[in-house]
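Below: the structure, in structure tokens.
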Amino acid sequence: MTEPEIPEDHPRYASLVTRHRIEAGVEAGITSRQGLIAQGRGEAFDYLLGERTLPSADAAERTAAAALLLADHPVLSVNGNVAALAPAETVELADAVDADLEVNLFNHTEERVRRIADHLREHGANEVKGLAADGEIPGLEHARGTVDADGIEAADVVVVPLEDGDRAEALDAMGKTEIVIDLNPGSRSPQTADIPIIDNLIRAVPNVTVHARELADEPPADLQAIVDAFDAEEALAAAEAAIREGTFSTRDS
Ligand code: PTJ
């Protein structure tokens with residue numbers, strides 16, 4: 001079924017569209033097959049969260065916008081799932097906060113980096129980093145630690161959606177401000193993050209953009225106050241509580 005054929009009033013419309021995009025991403029050589037499994041895990045957590053942006057996630061998304069606007073060199077890291085699920089939205093966020101886009105893959109192949117970069121350009125990106133591969137994240141073996149020297153290696157703030165725990169820890173050890181988008185609050189990546197966003201990527205990315213546009217003219221001191229007031233532990237705890245205490249509504253599968 002192609003995207004337009006899924007009836008919009010289907011109770012699981014958003015989930016079906018998402019699945020279709022991931023499937024199409026695999027077929028186009030953009031998303032890894034492991035990306036399908038990652039998507040399934042994410043869906044389970046999203047279901048438990050009620051497939052909504054929690055108030056605590058919205059606060060994290062606003063804080064992420066403030067941190068990105070304050071950054072000297074922000075970079076949005078794009079993997080195969082991000083490219084399949086939200087290419088235009090990711091390009092739009094990069095524009096709103098003046099960030100670089102860098103393809104950075106867990107299962108790295110040059111071919112897939114190239115395809116993802118092309119895909120982002122088709123969705124409006126100008127420059128896409130990730131092909132130079134002349135930098136490194138120290139402490140990781142070559143393929144998983146390869147980045148661009150003037151991209152992620154030089155960044156002060158990085159957005160890493162759906163990141164592997166080892167790499168999130170290694171980026172943290174480099175002293176970067178890390179913004180992680182992940183539906184699992186128990187995952188090591190959001191637990192390592194300065195700003196964990198426990199929300200579905202497809203809701204989180206556009207909402208960070210909305211906040212960035214609202215905050216664009218705020219003085220740096222006010223943006224800094226938003227960042228300083230944010231409590232990462234509290235955000236993780238709120239998401240975990242919502243998952244553990246949420247009422248299971250009957251929804252069509
Ligand atoms: O394209 P590559 O090679 O860089 O590979 C990307 C994946 C995602 C396959 C790779 O990084 C991976 O294997 O990730 P993990 O370790 O499975 O972790 C994925 C995390 O993302 C899990 O905690 C999921 O719950 C979460 N997740 C999955 N889909 C979404 C999500 N979080 C937010 N939004 C989603 N749509």
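One-based numbering, in listed order, for ligands and for the atoms of each. Computed from heavy atoms alone, side chains included, the values below leave out hydrogens, waters and symmetry copies.
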I need the atoms of ligand 1 closer than 4.0 Å to a non-hydrogen atom of [X], numbered in the order shown.
{"X": "Gly80", "value": "1 (O)"}
{"X": "Leu85", "value": "36 (N)"}
{"X": "Asp199", "value": "33 (C), 34 (N)"}

May I ask you to identify the nearest protein heavy atom to [atom], giving residue, atom name and distance to one decimal place in Å?
{"atom": "atom 4 (O) of ligand 1", "answer": "Phe106 N, 2.7 Å"}
{"atom": "atom 20 (C) of ligand 1", "answer": "Asp182 OD2, 3.4 Å"}
{"atom": "atom 13 (O) of ligand 1", "answer": "Gln34 OE1, 4.0 Å"}
{"atom": "atom 7 (C) of ligand 1", "answer": "Asn81 OD1, 4.2 Å"}
{"atom": "atom 32 (N) of ligand 1", "answer": "Leu183 N, 3.1 Å"}
{"atom": "atom 19 (C) of ligand 1", "answer": "Ala38 CB, 4.0 Å"}
{"atom": "atom 5 (O) of ligand 1", "answer": "Asn107 ND2, 3.6 Å"}
{"atom": "atom 21 (O) of ligand 1", "answer": "Leu162 CG, 3.4 Å"}

I'd like to know if [X] and [Y] make a salt bridge, using a cut-off of under 4.0 Å between side-chain N and carboxylate O.
{"X": "Arg188", "Y": "Asp166", "value": "yes"}
{"X": "Asp46", "Y": "Arg203", "value": "yes"}
{"X": "Lys129", "Y": "Glu127", "value": "yes"}
{"X": "Glu92", "Y": "Arg213", "value": "yes"}
{"X": "Glu43", "Y": "Arg19", "value": "yes"}

Residue part near ligand 1, for Thr18, under 4.0 Å between non-hydrogen atoms: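 Looking at Thr18 and ligand 1, no heavy atom falls under 4.0 Å.
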
Do [X] and [Y] have side chains that get closer than 4.5 Å, going by heavy atoms?
{"X": "Thr177", "Y": "Asp156", "answer": "no"}
{"X": "Pro196", "Y": "Phe230", "answer": "yes"}
{"X": "Val128", "Y": "Val103", "answer": "yes"}

Nearest atoms (heavy-atom pairs only) where Asp148 meets Glu102: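 The pair with the smallest heavy-atom distance is N-OE2, 2.9 Å.
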
Close N or O approach (Gly35, ligand 1; < 3.5 Å):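 No.
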
Under 3.5 Å donor-acceptor, Arg115 side chain and Ala28 backbone: yes

Of the listed options Arg203, Arg112, Arg41, His108, closest to atom 15 (P) of ligand 1 (non-hydrogen atoms):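 When every heavy atom of Arg203, Arg112, Arg41, His108 is considered, Arg41 comes closest to atom 15 (P) of ligand 1.
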
Option with minimal heavy-atom separation from atom 36 (N) of ligand 1, where the choices are Val78, Val205, Asn200: Asn200

